[in-house]
Amino acid sequence: MEKTRRLPLEGIEVVAIEQAVAAPFCTARLADAGAHVSKIERPEGDFARGYDDVCSGQSSYFVWLNRGKDSLIVDLASAEGKQQLADLLAKGDVLVQNLKPGSLDRLGFGPEKLRETYPRLIVCSISGYGETGPLADRKAYDLLIQAESGLSSITGGPEAPARVGISVVDIATGATAYSAILEALIARSVSGEGADIRVSMFDVMADWLTVPLLHQEAGKTPKRIGLAHPSIAPYGVFSTMDGKDILISIQSDREWAKFSTVFLKQPEKAKDPLFAKNVGRVANRVATDDLVAYAFAGLTEEEAKALLSSADVAFASVNDMAALSSHPHLRRITVNSEAGPVSYPAPAPIFKGSERSYGTVPALGQRSSAQMDAPRTAAEICS
């Protein structure tokens, strides 16, 4: 009989005072890896439960980001609720919270005090703008940070700034918090000491916007150019004679030379001073794109893809969500919920030889306070 593999974070106790997307993204990944996550909710629940109702009456956000957790209804403003939280923290390894800055301090559970009381505890606080500075007390949500950080100024077409089509700030922040917690767990295994981690959504986006910011500070203000690349050409969408859109990417001058010969049927363009180097192609983007568009216009989608493959050019179809739903590379998992099973995309990492299973999405208050001291079995963690 094959021995059950131990999940890497099995035995780790996580307390999550969380709502919305960023913190739940982080703790969902911890739960996937075997951690026991106790999600503390108000009596009305995480407001993400009401974002939509597309999963048999349940929110797609909540179903995606809360698998494998326990839901505990705790009134943190009450003496009983504070004692419940203290009991959880006493046996906890990690606290993840995204309350407004200062809220935990007012409840008597500030990060500094927690580090003194529970030296091995790893505290990860997620905020909009950090703990200090002129905007520290301002409410912050994904799209607000997209706008405030400048991300929206380089997203979309020339006509207007646009929102990235997913909650990219929240997801990036959750992923950043997750990686920081893993670092702290590794460090604690050596030193025995916990950590006080602060992650702000603004800092995460500022980090991710390093390249366009450096362009700005070098006097080259980034522009919105839609489905194209600001510093590489040709890198964009072109239409075939049968009306299909294909996005191509030429990453080097060597690739351009082969593309010119095989696809454009104009090998001389590989040595033309206007096009031979990427800097020239970007400077002459209109002429470059016209050359490519003319070649595409004379080909069907099938013909264009065949030539692109022959030229070893990277390309992609411009798909929508319907196409993703039936895409041959889409891997799925199925999780249980109070409304029945839900199928959605699998987490990206594949652990060969150690197939993962994923926990149930909790109903509000699924695990009562009376159950908090009951040990969880490996079957419960993976159920």
Side-chain angles (χ1 to χ4, degrees), residues 13-28 30-31 35-92 94-111 113-114 121 123-128 137 139-142 167 170 173-174 177 335-340 342 359-374 376 380-381 383:
E13 291 287 333
V14 177
V15 181
I17 309 175
E18 61 179 21
Q19 55 193 359
V21 176
F25 182 99
C26 169
T27 56
L30 294 170
H36 174 210
V37 179
S38 297
K39 180 183 179 75
I40 293 179
E41 299 192 67
R42 300 181 177 93
E44 64 272 25
D46 181 342
F47 56 69
R49 288 181 180 272
Y51 277 173
D52 59 55
D53 61 0
V54 301
C55 295
S56 300
Q58 302 171 108
S59 162
S60 58
Y61 289 86
F62 194 86
V63 167
W64 175 41
L65 297 174
N66 291 281
R67 60 179 179 257
K69 304 177 187 178
D70 287 342
S71 170
L72 309 178
I73 299 175
V74 179
D75 178 8
L76 292 176
S78 70
E80 180 185 2
K82 291 177 182 178
Q83 185 58 55
Q84 287 177 310
L85 177 57
D87 291 343
L88 285 169
L89 293 174
K91 62 180 182 180
V94 179
L95 168 65
V96 179
Q97 65 94 10
N98 65 342
L99 299 178
K100 189 175 180 180
S103 296
L104 271 188
D105 294 83
R106 289 189 290 274
L107 292 169
F109 294 93
K113 182 177 179 180
L114 289 177
L121 184 67
V123 181
C124 181
S125 301
I126 296 173
S127 64
D137 292 330
K139 284 186 176 181
Y141 301 116
D142 180 272
S167 299
D170 282 331
T173 301
V335 299
N336 292 320
S337 74
E338 60 180 325
V342 182
T360 297
V361 180
L364 180 59
Q366 174 199 322
R367 190 171 173 85
S368 70
S369 58
Q371 295 174 296
M372 291 190 327
D373 292 328
R376 298 179 92 230
E380 282 185 297
I381 293 171
S383 66

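Keep in mind it's a predicted model, so treat the numbers as computed, not measured.
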Residues two or more places apart in sequence or in another chain: which of them pass side-chain contact (heavy atoms from CB on, under 4.5 Å) with A90?
Y118
Restricting to side chain to side chain donor-acceptor pair (under 3.5 Å), what partner residues turn up for Q97, sequence neighbours left out?
S125
D75 versus P43: any side-chain heavy-atom pair under 4.5 Å?
no
Side-chain touch T173/N98, heavy atoms, less than 4.5 angstrom:
no
Identify every side-chain donor-acceptor pair in residues 19-26 under 3.5 Å, counting partners at least two apart or on other chains, and give the distances.
{"from": "Q19", "atom 1": "OE1", "to": "R42", "atom 2": "NH1", "distance (Å)": "2.7"}

If you look at every heavy atom in G359 and R67, which pair is closest and at what distance?
O-CB, 3.3 Å
With a 4.5 Å heavy-atom cut-off, do E338 and Q366 have their side chains touching?
no
Considering residues at least two apart in sequence or located in another chain, which fulfil the ring-ring contact (aromatic ring centres under 6.0 Å, His included) criterion with Y61?
Y51
Correct closest heavy-atom pair for C55 and V342 would be SG-CG1, 4.1 Å
Does any pair with a residue in residues 52-66 pass salt bridge (charged side-chain N to carboxylate O under 4.0 Å, His left out), and if so which ones, sequence neighbours excluded?
none
Throw together a table of side-chain donor-acceptor distances under 3.5 angstrom for residues 102-110, partners on residues two or more places apart or in other chains.
{"from": "S103", "atom 1": "OG", "to": "K100", "atom 2": "O", "distance (Å)": "2.9"}
{"from": "S103", "atom 1": "OG", "to": "R106", "atom 2": "NH2", "distance (Å)": "3.3"}

Closest heavy-atom pair and its distance - L364, I73:
CG-CD1, 3.9 Å
Partners of S38 by side chain to side chain donor-acceptor pair (under 3.5 Å), sequence neighbours excluded?
none
Please find the pair of heavy atoms, one from S60 and one from V54, that lie closest to each other, and give the distance.
CB-CG2, 3.7 Å
Are T27 and E18 close enough that some pair of their side-chain heavy atoms sits under 4.5 Å apart?
yes
Closest approach of A339 to Q58 (non-hydrogen atoms, all atoms of both residues)
CB-NE2, 3.3 Å
Identify the two heavy atoms, one from V74 and one from I40, that lie closest to each other, and give their separation to 0.1 Å.
CB-CG2, 3.7 Å
Kindly write out the residues that satisfy side chain to side chain donor-acceptor pair (under 3.5 Å) with S127, not counting sequence neighbours, or none if the list is empty.
none
Would you confirm whether S59, through its side chain, and A48, through its main-chain N or O, come within 3.5 Å as a donor-acceptor pair?
yes
Partners passing side chain to side chain donor-acceptor pair (under 3.5 Å) against D46 (at least two apart in sequence or in another chain)
K39
Separation of L88 CG from Q83 CD (nearest 0.5 Å):
10.0 Å
Rounded to the nearest 0.5 Å, what separates atom CG in D70 from atom OG1 in T360?
10.0 Å
